[in-house]
Amino acid sequence: MSTETSTIQVQVNGEGMALAAGATCADVLERLGVDQQQRLAVEVNEAIVPRSQLNEHRLADGDRVEVIQAIGGG
Amino acid sequence: MADRDPLVIAGREYHSRLLVGTGKYRDMEQARTAIEASGAEIVTIALRRSNIGQDPDAPNLLDAVPPDRYTILPNTAGCYTAKDAVRTCRLARELLDGHNLVKLEVIGDEHTLYPDVRGTLEAAEQLVAEGFEVMAYTSDDPIIALRLQEIGCVAVMPLAAPIGSGLGIQNRYNLLEIVDRLDVPVVVDAGVGTASDVAVAMELGCDAVLLNTAIAGAQDPVLMASAMRKGAEAGREAYRAGRIPRKRYASASSPIEGTFFE
């Protein structure tokens, strides 16, 4: 067992982000300045986190978070 | 034509047989105006990492093409493996509140952007098993098109020519064969350059055409969007009307009898 730390380090869209231990996906969106009502999809370690669970899903050290949106494409 | 001739994909009816992309436009307003002029009801989008944090005021694409007005068709562009394509579709479903219709493309290499048909078949099987309605971009190989139909794809979308090439239909006999053999809608996807290409695809009996660059890259995208709309309509009506056979020699349009000169 590793000793509990007060911060965790995660990857958000490929970039490092330090968060307080116990932070959730919603905290990441807040840090990004993103409104949860916007059309986004969130993935943690390649698994979808449904919008309804963004407030509950707690992140762990080393988690890879993707915040995805629609852009133009063919 | 007043009689009904809807395009039916996954049980839903559409009046337009032109599907358009949302990429490569100068700005969101140009995209919105051109898409409106095209008359398209189904529009493709791509999924990418959000940059909202960097530019909070950047307009959202889904405000320009609102899902309550258009059928949004998320693509898997940029995916080189079945795994990435499946992952992208799951994200799309979450993004669009459970929306299941997707455009599957698994690309083989950057130079040709040709589909990797092996990856496409693998991804199609997985996606159909997960309840997605899959419109599959593929080569113009009739056998692969049949396999995609067998897997349960709701539409099969053979290319006319490489993506973005504007070369038009390169193998109309393969497309004809695909049209003859498949029961699901056949949508020509990629390689269209101008309105006559769309018309030819429709005259061959294809059910619809999907394009992006040919409109977005035109000097006047809005005018080209209008031309594409007419190309699709003209080609479809010509197909339904039944063209005359090709002959090597002339046949007079005016009666041969009853002339008043010697």
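Bear in mind the structure is a predicted one, so any value in this text is a computation, not a measurement. In what follows, chains are A, B, ... by sequence order, proteins preceding strands, each numbered from 1.
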Residue pair A/Arg64, A/Glu43: steps toward the salt bridge (charged side-chain N to carboxylate O under 4.0 Å, His left out) verdict: CA-CA 8 Å; A/Arg64 287 166 294 117; A/Glu43 224 186 23; over 6 Å; no

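Of the candidates B/Leu159, B/Asp109, B/Thr138, B/Tyr114 forms a side chain to side chain contact (heavy atoms under 4.5 Å, CB included) with just one, namely B/Leu159.
Contacts of B/Leu96 with chain A are made by both backbone and side-chain atoms, with heavy-atom separations under 4.5 Å. Of the atoms belonging to A/Glu66, it is side-chain heavy atoms, and not backbone ones, that fall under 4.5 Å from chain B. A/Ile68 touches chain B through backbone and side chain together, each having a heavy atom under 4.5 Å away. Contacts between B/Pro74 and chain A at a heavy-atom distance below 4.5 Å are absent for every atom of the residue. Of the atoms belonging to B/Lys103, it is side-chain heavy atoms, and not backbone ones, that fall under 4.5 Å from chain A.
The shortest distance between side-chain heavy atoms of B/Ile72 and B/Leu62 falls below 4.5 Å. B/Leu104 has its side chain out of reach of B/Asn75: every pair of non-hydrogen atoms, C-beta onward, lies at least 4.5 Å apart.
Among B/Leu61, B/Asn212, B/Thr44, the residue making the largest number of heavy-atom pairs under 4.5 Å with chain A is B/Thr44. Of all the listed residues (B/Ile45, B/Leu91, B/Asp189), the one sharing the greatest number of non-hydrogen pairs under 4.5 Å with chain A is B/Leu91. The candidate with the highest count of non-hydrogen atom pairs below 4.5 Å against chain A, out of B/Arg49, B/Glu94, B/Glu105, is B/Arg49. Of the listed residues A/Gly73, A/Gly74, A/Gly72, the one with more heavy-atom pairs under 4.5 angstrom with chain B than any other is A/Gly73.
For residues 122-134 of chain B, the pairs satisfying side-chain hydrogen bond (donor to acceptor under 3.5 Å, both in side chains) are B/Arg12-B/Glu133, B/Arg90-B/Glu130, B/Gln126-B/Glu130, with sequence neighbours left out.
Nearest heavy-atom pair, B/Ala214 versus B/Gly193, reported as atom, atom and distance to 0.1 Å: CB-O, 3.6 Å.
Residues passing the salt bridge (charged side-chain N to carboxylate O under 4.0 Å, His left out) test with B/Asp97, sequence neighbours excluded: A/Arg39, A/Arg51.
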